[in-house]
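Here is the structure we will look at, set down as structure tokens.
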Protein chains: 2
Amino acid sequence: MENLIEEFRIFIKKKGLKYTPEREEILREILEVEDHFDVESLYLRLKNKNSKISKASIYRTLPILIEAGFIQEVYKQGGHSFYEVTLNKAPHLHFICISCGRVDEVIDKELNFLIKKHEKDKKYKLLTYHLEIFGICPDCREVK
Amino acid sequence: MENLIEEFRIFIKKKGLKYTPEREEILREILEVEDHFDVESLYLRLKNKNSKISKASIYRTLPILIEAGFIQEVYKQGGHSFYEVTLNKAPHLHFICISCGRVDEVIDKELNFLIKKHEKDKKYKLLTYHLEIFGICPDCREVK
DNA sequence: CCTGTAATTGAAAATTAATTTCAAAATAAT
DNA sequence: ATTATTTTGAAATTAATTTTCAATTACAGG
Ligand SMILES: [Mn+2]
Ligand SMILES: [Mn+2]
Ligand SMILES: [Zn+2]
Ligand SMILES: [Zn+2]
């Protein structure tokens with residue numbers, strides 16, 4: 001935990017940026033979120049703890065955290081982006097229920113293998129990938 | 001071509017909607033687009049042909065065409081959606097260069113197989129999926 | 001063919017996620 | 001401490017998409 005904070009501080013300094021309490025506070029909060037999050041939910045979590053962080057600062061800090069490799073933008077839903085901590089997490093795909101919005105994660109080694117293969121074929125330098133599968137979840141199917 | 005138009009007319013009537021020249025014109029134009037398109041480019045194509053179709057009508061017609069299975073929303077870039085005709089096209093993944101915006105398509109039968117497997121496992125009713133791979137394309141790598 | 005009603009249209013206004021602006025505050029090097 | 005530079009919160013702006021609304025059109029029934 002604290003080692004991650006320190007790692008972030010070093011990253012910030014190496015980039016010639018200033019290490020501010022706001023940036024640290026946002027990272028600490030994100031490390032406590034267990035599932036996917038968007039800007040709004042993160043903002044509300046912080047607000048509940050009487051933090052005075054503005055949404056603008058969240059919007060400004062997320063790209064830094066992505067660049068530092070702490071988080072990734074994983075999918076869009078209802079017109080806005082969702083993120084997740086991808087530090088110690090295997091790449092995975094997302095099943096998204098278009099009826100209730102539920103999102104299930106599935107880790108798949110075959111998929112990683114398949115993507116590596118295409119990376120070589122296409123001579124792209126791979127950064128990240130998203131596999132989103134849209135459907136109707138079991139719960140929503142039986143409601144019908 | 002004309003059989004697709006007729007298929008659309010039947011779909012529209014079956015849904016209890018009205019079959020308007022605007023809806024038909026939009027479908028005809030989309031069937032002529034060979035690659036990915038967004039609302040703006042479609043609007044400009046129509047405008048160039050002296051069509052009076054409004055953007056509002058395009059925005060209203062695209063979801064109908066998606067429901068009818070003629071097109072799919074395939075990825076977002078620069079904050080807006082791109083679509084493609086998916087009628088006679090095998091499902092495929094997209095390599096997206098985050099530097100120049102270039103998009104390469106790759107058809108992969110293994111991927112379809114892999115997704116079908118998860119569909120069964122998770123008991124989701126599959127509708128569609130997107131695999132987007134973000135990276136730097138060969139051209140952009142050598143410019144560096 | 002008319003006629004009535006309900007849907008659709010284009011244009012403009014509204015919405016909303018994300019970005020930018022700006023003056024005040026904070027960081028960090030000297 | 002002094003100073004140059006960055007960052008902040010709040011408000012304004014941007015831009016894609018959605019909604020509103022009055023006028024037009026589709027089309028079912030007579
Ligand atoms: Mn996930
Ligand atoms: Mn494609
Ligand atoms: Zn569901
Ligand atoms: Zn490129």
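Basis for what follows: all heavy atoms, side chains included, without hydrogens, waters or symmetry-related copies. Below, read A as the first sequence line, B as the second, and so on, with proteins coming before strands; counting in each chain starts at 1.
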Side chains of Tyr129(B) and Glu132(A): is there a donor and an acceptor less than 3.5 Å apart? no

Hey, what's the ring geometry for Phe82(B) with Tyr75(B), parallel, tilted or perpendicular (30° and 60° as the breaks)? parallel

Counterpart residues, salt bridge (charged side-chain N to carboxylate O under 4.0 Å, His left out), relative to Asp108(B) (two or more places apart): Lys117(A)

How would nucleotides 17-23 of chain C be written as a contact map, 5' to 3', with B for base contact, S for sugar-phosphate-only contact and - for no contact, using protein heavy atoms under 4.0 Å? SBB-B--

Leu46(A) CG to dT8(D) C1': how many Å, rounded? 15 Å

Member of Leu65(B), Asp35(B), Ile30(B), Val33(B) meeting the side-chain contact (heavy atoms from CB on, under 4.5 Å) criterion with Val85(B): Ile30(B)

Check the interface with nucleotides 26-30 of chain C: list each N/O to N/O pair with the protein under 3.5 Å, or write none.
from: dT27(C); atom 1: O2; to: Lys18(A); atom 2: NZ; distance (Å): 2.5
from: dA28(C); atom 1: OP1; to: Lys13(A); atom 2: NZ; distance (Å): 2.8
from: dA28(C); atom 1: OP1; to: Tyr19(A); atom 2: N; distance (Å): 3.0

To the nearest angstrom, the NZ-C1' distance between Lys52(B) and dA23(D) comes to 12 Å

Once you round it to whole Å, what is the distance between C1' of dT17(D) and CD1 of Ile66(B)? 13 Å

Thinking salt bridges, do Glu29(A) and Lys49(A) make one under a 4.0 Å N-O criterion? yes

Salt-bridge criterion met for Arg9(A) and Glu6(A) (N-O under 4.0 Å): yes

Quick one: does Ser41(A)'s side chain have a donor or acceptor within less than 3.5 Å of a partner on Asp38(A)'s backbone? yes

Could you tell me whether His130(A) and His94(A) have their ring centroids closer than 6.0 angstrom? no

Between C1' on dT6(D) and NZ on Lys15(A), what's the gap in Å once rounded to a whole number? 14 Å

Applying salt bridge (charged side-chain N to carboxylate O under 4.0 Å, His left out), which residue pairs with at least one partner in residues 121-131 of chain A are found, sequence neighbours left out? Lys122(A)-Asp104(B)

Give the angle between the helix axes at the two ends of the helix from dC1(C)-dG30(D) to dT30(C)-dA1(D), taking five base pairs at each end and rounding to 10°. 30°

Salt bridge (charged side-chain N to carboxylate O under 4.0 Å, His left out) pairs touching residues 56-68 of chain A, sequence neighbours excluded, are Lys15(A)-Glu67(A)

Gap between atoms CZ and P, on Arg23(B) and dT25(D) respectively (whole Å): 15 Å

Between P on dA26(D) and CD on Glu24(B), what's the gap in Å once rounded to a whole number? 12 Å

Charged N to carboxylate O below 4.0 Å: is that the case for Glu2(A) and Arg28(A)? yes

